[in-house]
Protein chains: 2
Amino acid sequence: MKRVTIYDVANEAGVSLATVSRVINGSNVVKGGTKQKVEEAIEKLGYKPNAIAQGLALQKTTTIALVIPEASFTYTGQIINGLLDVAKIYKYNIMLHTTTEGINEINDIIENIIKSRVDGVVIYNDKLMREELNTLTKYNVPIVIIGNKVSDAKISSVYVDIENAVYELVMKYLEGGKRDIAIIQDRKNGYSIDQMINGAKKAYATKGLEFNGYLEIPGQYRTSYDFMKDYLQDHKHDLIIANRDSQAIAVVNAAKENGIDIPKEMEIVCVIDTKYNSMMRPQISSFAIPSYDLGAVSMRVMTKMLQENTDDIDKEIELSYLFTPRQSTL
Amino acid sequence: MKRVTIYDVANEAGVSLATVSRVINGSNVVKGGTKQKVEEAIEKLGYKPNAIAQGLALQKTTTIALVIPEASFTYTGQIINGLLDVAKIYKYNIMLHTTTEGINEINDIIENIIKSRVDGVVIYNDKLMREELNTLTKYNVPIVIIGNKVSDAKISSVYVDIENAVYELVMKYLEGGKRDIAIIQDRKNGYSIDQMINGAKKAYATKGLEFNGYLEIPGQYRTSYDFMKDYLQDHKHDLIIANRDSQAIAVVNAAKENGIDIPKEMEIVCVIDTKYNSMMRPQISSFAIPSYDLGAVSMRVMTKMLQENTDDIDKEIELSYLFTPRQSTL
DNA sequence: TTGAAAGCGCTAACAC
DNA sequence: GTGTTAGCGCTTTCAA
């Protein structure tokens, strides 16, 4: 099919292109008769407005860039779903970018985002990337950060107070006389882990104690499972807190291997879980982090930033978590 | 920061915009000196070419639309990663669209895709959507289908022969004298299930038998677990084949509940699994479906379609699977 | 080697 | 109500 433009439609309908444009954009100044002629022409020619040309003329693309870390779709999937659902409602398109480890990588993405002239960018990334954000704001691109509490003239954020979640959890255990608490760390997810550790530290400090239950594990399930199997032979804790359910599961399985009864001898909690947690035995107690909402609300905030005066919006939105006890805790 | 255009750069450098354009696009006819002047001006002004304007002028957007079903990122995540990695190499952007159930929904997406003038679209969807594909080809958009074997002037496909995978598996069991085989179905993933059933039918037919081991289950883990718990009280099979590991896990857990020994009394295989499978006990035997490769190869094929004469490319690419026995089979 | 100018397809003042 | 026209920012002939 030959490319059909607004001119072709105008010719076919015997009107000017301005009129066609009006019809496309639902202007109600067009007379019924002409409108119908135009619509028939559009139908007949199979005309679809060129969003690129519209973008050029209007200086906006109605697309949002979404930046997420590569690989972990298990956890970001729900965020994406939430974001896309809201984006659909407001007719925004989503350009997907994933970040890998390299620093150059991220600069390429920023460059790319600026060139593509998206109307805004939503970032879910564990690393804060202050500097990269600055180049984005320099180009006046509105930003929404998922998972971190930050804000600025052009930056909003939607997050869950994980630090406090862990604080409350640890406090409960400390008050129950259980003091041997460890937090699992891996090299990824640095920011989340930092928050978790801060929460624990705070709780310990409240009790006049010092926290140092760091448990550094490898990045993959298999290796961390092996690691834990060794580790648990001569260590045990009252409570182990993991970031992801997969890490918690590694602990659970390793504990089984060592004949450690969960939850009686050792309890386990994770911060974020997936649908697979419900298939495990025991199921891991977790904080119900509202992933879908994180995505949906972020996109909603973005649409607001794009419509209203930025000053009038709530720039930092905290979503609530809910501790959900399951079989891995008493 | 004020919007800086190619004109500004031209002024700053004291050359015409044509020259700036040449420098941006790496034309080697520009003299060293001028080139440097231009580059300095670009640097000084922080100029980034407007991809939208380029798209208009060049009639191409260097972006590809990716269409996937909503929700199941657990399984599509790797596909996306593969696709993005290759897209990055060839400097293509990815526009992400997810399909939900409604039929109108999908038409909206197609409409949207056409308007956005992407250079091509990659579709991973269980429903074949012949008609929708037609409207896309009518507008000359190159298409790559993941998971289905289809091809056409403007359509390529990358897939795994699941029918044959199941055929071989079932044959093996039939030859071992095990004839009570069932395939789990849910309403989603219709096409994959059809292939699986066809494979089973073929195998049975080869042996002069008829296959009718359909096992219709609910869509969610919890409900299908409950269903299986009931079902297994008075049914048992030699082998149950599921599409997803989550479904297989529902069976495994329900079997445990009923004191059925897996794999001794009943064996279970799934077609696609996730990293969570390795955390389960027993681990489900599965076909190693190369998800990442499905994505990567699809994107690679797309780049070829975009560069070469479509006739010269291999339009149907079959990726191989590998049956991986684990603890759920003997 | 560089510049001038005609598009690419559309929107939005402005004029009629 | 409808048409005319000047952009939006870039690429690419065609001349010089």
Side-chain angles (χ1 to χ4, degrees), chain A residues 1-39 41-42 45-63 91 112 114-119 139-140, chain B residues 1-39 41-42 45-63 91 112 114-119 139-140:
Chain A
M1 197 170 109
K2 189 193 148 297
R3 273 202 319 259
V4 20
T5 74
I6 200 169
Y7 289 97
D8 302 320
V9 177
N11 273 336
E12 180 71 29
V15 298
S16 81
L17 76 169
T19 303
V20 178
S21 175
R22 290 191 185 99
V23 173
I24 294 169
N25 297 298
S27 156
N28 46 13
V29 301
V30 186
K31 221 197 321 189
T34 24
K35 184 174 172 189
Q36 195 180 333
K37 272 195 306 183
V38 171
E39 277 166 348
I42 288 177
L45 301 177
Y47 169 71
K48 309 275 181 201
N50 183 330
I52 300 301
Q54 288 179 320
L56 227 208
L58 291 175
Q59 303 282 18
K60 57 174 187 163
T61 51
T62 53
T63 103
K91 311 257 183 218
N112 201 239
I114 294 171
K115 286 186 185 168
S116 61
R117 297 297 194 273
V118 292
D119 296 340
Y139 285 88
N140 270 312
Chain B
M1 197 170 108
K2 190 194 148 297
R3 273 201 320 259
V4 20
T5 75
I6 199 169
Y7 289 96
D8 302 321
V9 177
N11 273 337
E12 179 71 28
V15 299
S16 81
L17 76 170
T19 302
V20 178
S21 175
R22 290 190 184 101
V23 172
I24 294 170
N25 296 298
S27 156
N28 45 14
V29 300
V30 187
K31 222 199 317 190
T34 23
K35 184 173 172 190
Q36 195 181 332
K37 272 194 303 184
V38 171
E39 278 165 348
I42 288 177
L45 302 177
Y47 169 71
K48 309 275 182 199
N50 182 329
I52 300 301
Q54 288 179 318
L56 226 209
L58 290 176
Q59 303 282 16
K60 58 175 184 159
T61 51
T62 53
T63 101
K91 311 255 182 218
N112 200 239
I114 294 171
K115 285 185 184 169
S116 62
R117 297 297 194 274
V118 292
D119 296 339
Y139 284 88
N140 270 311

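Numbered from 1 within each chain, the chains take letters A, B, ... in sequence-line order.
Taking every side-chain heavy atom of L58(B) into account, dT11(D) is the closest of dT11(D), dC10(D), dA4(C). Side-chain proximity of K31(B) to the nucleotides dG3(D), dG9(D), dT2(C) is greatest for dT2(C). The nucleotide whose nearest atom lies closest to any side-chain atom of A53(A) is, among dT4(D), dC14(D), dC10(C), dC10(C). Listed nucleotides: dT2(D), dG9(D), dG3(C). Nearest to the side chain of T19(B): dG3(C). Candidate nucleotides dG3(C), dC10(D), dT2(D) were compared by shortest atom distance to the side chain of V15(B), and dG3(C) ranks first. Closest approach to the A18(B) side chain among dG9(C), dA4(C), dG3(D) is made by dA4(C) (side chain taken as heavy atoms from C-beta onward). Of the candidate nucleotides dT2(D), dT11(C), dA4(C), dT2(D) has the atom nearest to the side chain of T34(A). Checked against dC10(D), dG9(C), dG3(D), the side chain of Q59(B) finds its nearest nucleotide in dG9(C). Residue L17(A) has its side chain nearest to dT4(D) when only dC14(D), dT4(D), dC10(D) are considered.
Rounded to an integer number of Å, the gap from K35(A) NZ to dG1(D) C1' is 14 Å. Distance K37(B) NZ to dT1(C) C1': 12 Å, rounded to the nearest Å. The distance between atom OH of Y7(B) and atom P of dA5(C), rounded to the nearest whole Å, is 11 Å. Computed from coordinates, the Q36(B) CD to dT1(C) P distance equals 16 Å when rounded to whole Å. Nucleotide dG9(C) holds its C1' atom 14 Å from the CG atom of N11(A), rounded to whole Å. Whole-Å rounding puts the I6(A) CD1 to dC8(D) P distance at 18 Å. Whole-Å rounding puts the R22(A) CZ to dG9(C) P distance at 21 Å. We find that CG of L56(B) is positioned 11 Å from P of dT11(C), with the value rounded to whole Å.
Under 4.0 angstrom from either OP1 or OP2 of dC8(C) there lies no side-chain N or O belonging to N50(A). One finds a side-chain N or O of Y47(A) lying less than 4.0 angstrom from the OP1 or OP2 phosphate oxygen of dC10(C). Residue S21(A) has a polar side-chain atom (N or O) positioned under 4.0 Å from OP1 or OP2 of dT11(C). Listed pair Q54(B) / dT11(D) meets the phosphate criterion, a side-chain N or O lying under 4.0 Å from OP1 or OP2.
Backbone-only contact: R3(B) has heavy atoms under 4.0 Å from sugar-phosphate atoms and none from a base. Backbone-only contact: T5(A) has heavy atoms under 4.0 Å from sugar-phosphate atoms and none from a base. Nucleic acid contact for V29(B): base, since at least one base atom lies under 4.0 Å from a heavy atom of the residue.
Judged by closest nucleotide on DNA chain C, V30(B) is the one of V30(B) and K48(A) placed further toward the 5' end. Checking G33(B) against A57(A), the closest nucleotide of DNA chain C that is more toward the 5' end is the one next to G33(B).
Using a distance-only test at 3.5 Å, with no hydrogens or angles considered, a donor-acceptor pair links the side chain of N50(A) to the main chain of I52(A). With N11(A) contributing its side chain and D8(A) its backbone, the two residues share no donor-acceptor pair below 3.5 Å.
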Stepwise side chain to side chain contact (heavy atoms under 4.5 Å, CB included) check, V15(A) with V23(A): CA-CA 11 Å; V15(A) 298; V23(A) 173; over 6 Å; no
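Comparing the helix axis at one end of the helix from dT1(C)-dA16(D) to dC16(C)-dG1(D) with that at the other, each defined from 5 consecutive pairs, gives an inter-axis angle of 40° (nearest 10°).
Taking only distance into account, the side chain of R117(B) never meets the base of dG9(C) through a donor-acceptor pair shorter than 3.5 Å.
Listed here is the closest heavy atom pair of P49(B) and Q54(B): CB-NE2, 3.8 Å. Counting all heavy atoms, side chain and backbone alike, I114(A) lies closest to K48(B) at CG2-CG, 3.6 Å. Taking each heavy atom of A10(B) and L17(B) in turn, the nearest pair found is CB-N, 3.7 Å.
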